[in-house]
Amino acid sequence: MPTKELKEARKLIVNEIEGFKESHRFEHDVFYQAVEEVLLSIAPLLISDEKYNLHAIVKRLVVPDRIIKFKVEWMDDNQQIQVNTGYRVQFNNTLGPYKGGLRFHPTVNEGILKFLGFEQIFKNALTGLPIGGGKGGSDFDPKGKSDFEVMKFCSSFMRELHKYIGPRMDVPAGDIGVGGREIGYLFGEYKKITSTFDGVLTGKPNFFGGSLMRPQATGYGVVYFTEKMLEIEGKETLEGKICTVSGAGNVALYTIEKLIELGAVPVTCSDSKGTIYDPRGVDIELLKELKFDKRASLEEYGKVHSEAKYIPVSKYPEGGHAVWDIECHSAFPCATQNELTEVDAKNLIKNGCTSVSEGANMPSTPEAIDVFLQSKICFAPAKAANAGGVAVSNFEMAQNAAMARWSFEEVDDKLKKTMQYICTSVAKTAVEYGVEGNYVDGANIAAFKKIADGMIAEGI
Ligand code: NDP
């Protein structure tokens, strides 16, 4: 598209966003941020194809189908009654049942869940699988709670949520603070209430219907995506390369595990209190023991490996993060939203980083993304790079519906092919729309076309 027309299109979109901000001004900034990124990417599509305006797709797509908000009362170990808020944002089911994780974290609010639900529609569309988008969770903090307290909270949460979910309606999964333990308790309560064994949650423990490889899927998927992106862009493979990873949860740990398997050297991980820098390469078995079995702080890692450096968050009071200040070939932000800022992006480029792949949802700020795109490094946005988790969730739904169980190798093979498919179609879309190498625009346009064409086909 000629530059003048493109500029006009972007101006129109920016005006639309300003109007949108005004009408949603009480909601959280991260939701605008997610919407703004998509709208700026799809500007050329909106101007070249009148049907999207005719069917008011943008106006309809930014409003969730419904937001369910409820009270969760539960009793702690001291016999005190506690009250939290639960949510489910059912955003869009054009392409299939609502699908997306549950987050349990004190920062959870409606704005954050709307941002995550909106992103999820696009991510799920990119997989090519029949799944719509949603997200949910609670401001409940599982950290420091006993297993019994977590169980009581989950039972109470499900007593309300079960009314709104179903294998063909809405199928939640895990996210921050919700792993196999929480999904197990939630599923147990669902069964007790309904007396059915429906595939109504994914990420279940394997012995009652969980798919093999679901825990690994997001992290492994990010690495499969990165391998393919480096191949398409004619860059060197990950073998033997220094990589930096943030986070020390499900996504981060399995990203690290797959990188090690491919011969790369991941040297960092982090949690909300600090960073571990282990120049010989992170000890993944120790990390799993600390984080999955003991739920301990990363500081413990330094007590076992004295060569590793523990850098507390307080070392960077002016902003910036230790993980992104270390020389690396490839970087993998896998903790949380907006964790990688412009300062961090500049540090990465200065230190010779050639690719950044987002394992977490929207971990890079818009300013950081601009730095990556301008410096022409390979940048894999979350909605494409971390779609492996939801893809394997869909495989779990398929296994549950067929009362079947697939092998680890079978699921891994399907995951790898799905990530390669997403990467190739994003790269091709970018070429088709004149933004070769820009995986942000490629992903947003490819996903938008699928969802919007579906919305037009089903009418209002
Ligand atoms: P976990 O709860 O397993 O781990 C989260 C990690 O990030 C922890 O190490 C946590 O540290 C750290 N973290 C969380 N919040 C902050 C913060 N504000 N500042 C610094 N560190 C923080 O979550 P997951 O690994 O499942 O999820 C990580 C990201 O990946 C999220 O953005 C999630 O939405 C996304 N994602 C997850 C998928 C999945 O399959 N699980 C699928 C697709 C995306 P601490 O323990 O100290 O809080």
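Just follow the structure's listing: the first ligand is 1, and inside any ligand the first atom is 1.
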Just go through [options] and tell me whose heavy atom is the nearest to [atom].
atom                    : options                        : result
atom 28 (C) of ligand 1 : Ser297, Ala335, Gly203         : Ala335
atom 37 (C) of ligand 1 : Asn338, Val390, Val251, Asn386 : Val251
atom 2 (O) of ligand 1  : Gly177, Gly101, Gly249         : Gly177
atom 5 (C) of ligand 1  : Ile176, Val178, Leu116         : Ile176

Side chain to side chain donor-acceptor pair (under 3.5 Å) between Arg214 and Ser393, worked out: CA-CA 7 Å; Arg214 177 60 186 88; Ser393 275; 2.9 Å; yes
Glu299 with Lys273: basic N within carboxylate O range, under 4.0 Å: no
Salt-bridge criterion met for Lys258 and Glu261 (N-O under 4.0 Å): yes
Could you list the atoms of ligand 1 found under 4.0 angstrom from a heavy atom of [X]?
X      : answer
Arg103 : 31 (C), 32 (O), 33 (C), 34 (O)
Ser270 : 9 (O)
Arg214 : 40 (O)

For Thr418 and Thr127, test the side chains for any donor-to-acceptor distance below 3.5 angstrom and give the result as yes or no. no
Aromatic rings Phe122 and Phe448: how do their planes relate, parallel, tilted or perpendicular, breaks at 30° and 60°? parallel
